[in-house]
Asker: 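This is the structure I want to talk about, given as structure tokens.
Order of the sequence lines sets the chain letters (A, B, ...), proteins ahead of strands, with each chain counted from 1.
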2 protein chains.
Amino acid sequence: MARPKTPLLSVERIVNEALAMIDDGADFGVVRLAERLGVNPSSLYNHVSGRDEIVELIRGRLADDFEIVVEPGTPWDEVVEYVVRRQRAMFAAHPLFLPLLVGKTVTDPRVISYYEDLAAALRLAGFPDAEVLDVVAVLDTFALGSGLDLSAPAEVWKTPDATSVLGRLLVSADDGASRSERAFELGLRFILAGLREHLDAISPAASPAAAITSLS
Amino acid sequence: MARPKTPLLSVERIVNEALAMIDDGADFGVVRLAERLGVNPSSLYNHVSGRDEIVELIRGRLADDFEIVVEPGTPWDEVVEYVVRRQRAMFAAHPLFLPLLVGKTVTDPRVISYYEDLAAALRLAGFPDAEVLDVVAVLDTFALGSGLDLSAPAEVWKTPDATSVLGRLLVSADDGASRSERAFELGLRFILAGLREHLDAISPAASPAAAITSLS
DNA sequence: ACCTGAACACCGTTCAAGT
DNA sequence: ACCTGAACACCGTTCAAGT
């Protein structure tokens, strides 16, 4: 054994298997991951600095898969809607990954560029510098929150009491996935309407017809 | 040693110390918690079923501390605003606790009753049964998302590139806490406006002046 | 350069033993 | 009833040893 002529591992193979593992519903860990890769846990450290880096690398890979491409000339509100929907799609494709991310600083440049594009679009739309980050935070908050909704257990509330308001509604409710879907649509609609109105109040001229000519 | 005449532990003492530990920024765990309590880790299992139950008990205690009390006759939109602000205040008081919660089913009755009140208020406001859970989900999503914003590291984005749009905005930006605050206010405003408009479209009569006479 | 295997400092949880 | 202490099955990470 020892060093094989052709390497058993690569960063890509590690990241792919890690994501597959998470999607399978297994709890993510380097020991279990090494097992799936048919390798000793310590071998991973030749390619990767540790557990945290693997998570961050997955985030980067997803940002790659769900690349944000905006055609020049697209109205700002369509850009915002597209970007939020795209992020939602990303989370929806790998719902169990999101919980691993909470509270971790973004370092992957591919993810950074995603926020870059969003910030650029908002600035071009006419949002003042002082507000762009706030709006980005609102959108990020919303995408994160509704993404977490997707990774939540099927039964969010465990209420045995069928006579309560909540209990009655839960009985006749459809599954959590479509509720989450509708809630996303509802929230997105509210936010977009709010942003349009807000921008209109700031610079009435630039609002609905304004087009974006170039991004970043 | 062995069994002392007066018990060293109680569920309350365990929960209090656990929350204090989380607020201190230490990573939560039963071994470390036992250490802080001056007790053997296995002793905790006489009072509590394990790590997960402690987390859920903390959630219940917080729901207790930040009890939702709505005066009968309060307009529905004020109820919604109050409830969302209250939840935000709860998360803000213990920002590091929230990440421990994601993806866990709510079982504590004190937390359930919180959602009960919200659902009851929305129904009385005139939202149709089929939509109440969706609206609750939107509000929950928003509260959760902006709560997580509070527990995020000070540097959410690590961008060395000061020439980029994001980099330039980050340099002149104030701290994350007040940005998070403004984003919360912005988002809440959008959602409330959206809900009012939405309700108005459904049942024009019941909207702004409607008052709630009793809750749950 | 890239793998193995032993080792370390941790986890959460169980259980017999003591009072 | 309520604590201790040993034990078990795990973690993530380091490092010397091998090719």
Asker: In whole angstrom, what separates B:D52's CG from C:dC11's P?
Answerer: 17 Å
Asker: Considering only side-chain heavy atoms of B:V31, which listed nucleotide, C:dC11, C:dC3, D:dA1, is closest?
Answerer: C:dC11
Asker: Does a side-chain N or O from B:H47 land closer than 4.0 Å to OP1 or OP2 of D:dC3, or not?
Answerer: yes
Asker: When you measure from the side chain of A:R32, which nucleotide among C:dT13, C:dC2, D:dC11 comes out closest?
Answerer: D:dC11
Asker: Measure the distance from CZ on A:F28 to P on D:dC10 and round it to the nearest whole Å.
Answerer: 18 Å
Asker: In whole Å, what is the span from the CG atom of A:N46 to the C1' atom of D:dT13?
Answerer: 13 Å
Asker: Respond yes when some side-chain nitrogen or oxygen of B:S42 is under 4.0 Å from OP1 or OP2 of D:dT4, and no when none is.
Answerer: no
Asker: Got a second to check how far B:N16's CG is from B:I58's CD1, nearest 0.5 Å?
Answerer: 9.5 Å
Asker: Output the rounded distance in Å from CG (A:L8) to P (D:dT19).
Answerer: 16 Å
Asker: Under the 3.5 angstrom rule, does the side chain of B:E78 hit a backbone N or O of B:T74 as a donor-acceptor pair?
Answerer: no
Asker: If I take atom CG in residue A:N40 and atom C1' in nucleotide D:dG12, what distance separates them, rounded to the nearest angstrom?
Answerer: 13 Å
Asker: Given D:dG12, is OP1 or OP2 found less than 4.0 Å from the side-chain N or O atoms of A:R51?
Answerer: yes
Asker: Mark yes when over 12 heavy atoms from residues, nucleotides or ligands other than A:R36 sit less than 6.0 Å from its CZ; otherwise mark no.
Answerer: yes
Asker: Ignoring the backbone of A:P7, work out which of D:dC3, D:dT14, C:dC3 is nearest its side chain.
Answerer: C:dC3
Asker: Rounded to whole angstrom units, what separation is found between the CD atom of B:E35 and the C1' atom of C:dC11?
Answerer: 13 Å
Asker: Rounded at 0.5 Å granularity, tell me how far CG in A:D134 sits from OG1 in A:T141.
Answerer: 10.5 Å
Asker: Could you tell me how far apart A:E53 (CD) and D:dG12 (P) are, to the nearest whole angstrom?
Answerer: 15 Å
Asker: Send over the distance from A:I54 CD1 to D:dG12 C1', rounded to a whole Å.
Answerer: 10 Å
Asker: Does atom CD of B:E12 have more than 12 heavy-atom neighbours from other groups under 6.0 Å away?
Answerer: no
Asker: If C:dA7 has a Watson-Crick or G-U wobble mate with both distances under 3.5 Å, name it; if not, just say none.
Answerer: D:dT13
Asker: Of all the choices, C:dC2, D:dC3, D:dG12, which nucleotide is nearest to the side chain of A:V30 once you look at every atom?
Answerer: D:dG12
Asker: Among D:dG12, D:dT13, D:dT4, which nucleotide has an atom closest to any side-chain atom of A:P41?
Answerer: D:dT13
